[in-house]
Amino acid sequence: MKKIISIIIAATMLFALAGCGKDAANNSSNNQGAADGKKIIVMGTNAEFPPFEYREGEKVVGFDVEIAKKIAEKLGAELQIEDMTFDGLIPALEAGKIDFIAAGMSITEERKKNVDFSNGYYKASQVIITLKDNTEINGPEDLENKTIGVQLGTTGDEEAQKIQGAEIIQFNAGYAAIMDLQNDKLDAVVLDYEPARNFASQNDKIQILPVELTQEEYAIAVRKGNQELVDAINTVLEEMKESGEYDKLVEEYFSKE
Ligand code: GLN
């Protein structure tokens with residue numbers, strides 16, 4: 001009898017623990033749960049990364065948001081989005097302020113120490129952006145001793161730090177770096193290819209050099225050990241690929257310019 005009771009107690013505790021991860025939002029003071037009593041799932045992002053996440057008026061939209069909506073739907077939860085600086089995302093996840101990160105976040109060995117990643121959902125690379133009239137910088141070897149803008153805490157930041165003698169200026173938004181490039185305060189910007197292409201399509205003064213500095217893959221990050229959520233996300237990604245929804249999104253978000 002005693003044994004059975006302790007098993008029941010253990011099972012109840014496990015159940016309670018498992019629930020914790022999923023309800024991060026309900027514990028924080030600024031949200032009281034969805035009006036209809038639906039569970040809330042919180043996506044953390046940095047909405048400075050078009051076309052993956054950006055603002056349309058007050059709203060955060062983009063490729064990653066579409067995937068996140070599907071994840072929420074799968075879990076029967078309401079999606080809430082928290083917009084913050086990119087380097088604040090992993091700490092926010094660890095602190096339970098958000099449930100997952102969908103932010104064009106590349107899988108790295110370093111990050112794997114602090115988070116678990118879903119399967120990759122998009123292949124990416126770092127590229128060099130310069131002003132079109134700059135004939136001096138033609139590849140990574142020309143970046144030595146130059147002033148380079150990056151987005152703080154990104155793989156582009158890491159990559160630029162390796163360049164000999166370069167002065168690295170860190171911005172919270174890639175777009176701010178592009179503005180400084182345009183105002184001749186920087187020699188180059190190192191950024192992910194898709195947002196670089198997005199910025200270049202709206203700014204005819206800048207160009208993307210045809211060299212890839214890295215090969216990366218974006219994935220969705222969850223708190224370490226939250227296998228249940230990783231599994232759900234992987235299922236959603238698979239289903240979206242099989243149904244053609246994924247390709248439709250690629251077309252919608254990446255062929256605009
Ligand atoms: N892919 C890059 C990284 O993971 C940049 C992501 C971003 O700026 N949103 O660091």
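Order of listing sets the numbers, starting from 1, for every ligand and every atom in it.
Considering K224, R223, R111 in turn, K224 is the only one that fulfils the salt bridge (Lys or Arg N to Asp or Glu O under 4.0 Å) rule with D116. Here the rule is side chain to side chain contact (heavy atoms under 4.5 Å, CB included) with I129, and of N134, I148, L181 only L181 fits it.
At least one N or O atom of S106, backbone or side chain, sits closer than 3.5 Å to an N or O atom of ligand 1. In terms of polar-atom proximity, M105 is not counted as a contact of ligand 1, lacking any N or O under 3.5 Å from an N or O of the ligand.
K112 contributes atom NZ, which lies 6.5 Å from atom CD1 of I107 (distance to the nearest 0.5 angstrom).
In terms of protein heavy atoms, atom 5 (C) of ligand 1 is closest to D192 OD1, 3.3 Å. Of the protein's non-hydrogen atoms, the one nearest atom 7 (C) of ligand 1 is F49 CE1, 3.3 Å. Residue, atom and distance of the protein heavy atom nearest to atom 6 (C) of ligand 1 are G104 O, 3.2 Å. Atom 8 (O) of ligand 1 has as its closest protein heavy atom Q151 OE1, 2.8 Å.
Nearest to atom 2 (C) of ligand 1 by heavy atom, out of D64, T155, I101, is T155. In this comparison of A103, G156, A47, the heavy atom closest to atom 9 (N) of ligand 1 sits on A103.
Separation of the Y122 and F52 ring centroids falls under the 6.0 Å cut-off.
Ligand-side atoms of ligand 1 in range of T154: 5 (C), 8 (O), 10 (O), range being under 4.0 angstrom from any heavy atom.
Between the side chains of E78 and Q80, no donor N or O sits under 3.5 Å from an acceptor N or O. N234 and E238 share no donor-acceptor pair across their side chains, judged by distance under 3.5 Å alone.
Connection of L152 to M179 is not established within any shared hydrophobic cluster, with ILVMFWY side chains joined at heavy-atom distances below 4.5 Å, either directly or through further cluster members.
Residue contacts with ligand 1 for Y218 involve side-chain atoms from C-beta outward but no N, CA, C or O (heavy atoms, distance under 4.0 Å). Under 4.0 angstrom from ligand 1, the non-hydrogen atoms of R111 all belong to its side chain.
Ring planes of Y253 and F63: perpendicular class, angle over 60° (limits at 30 and 60°).
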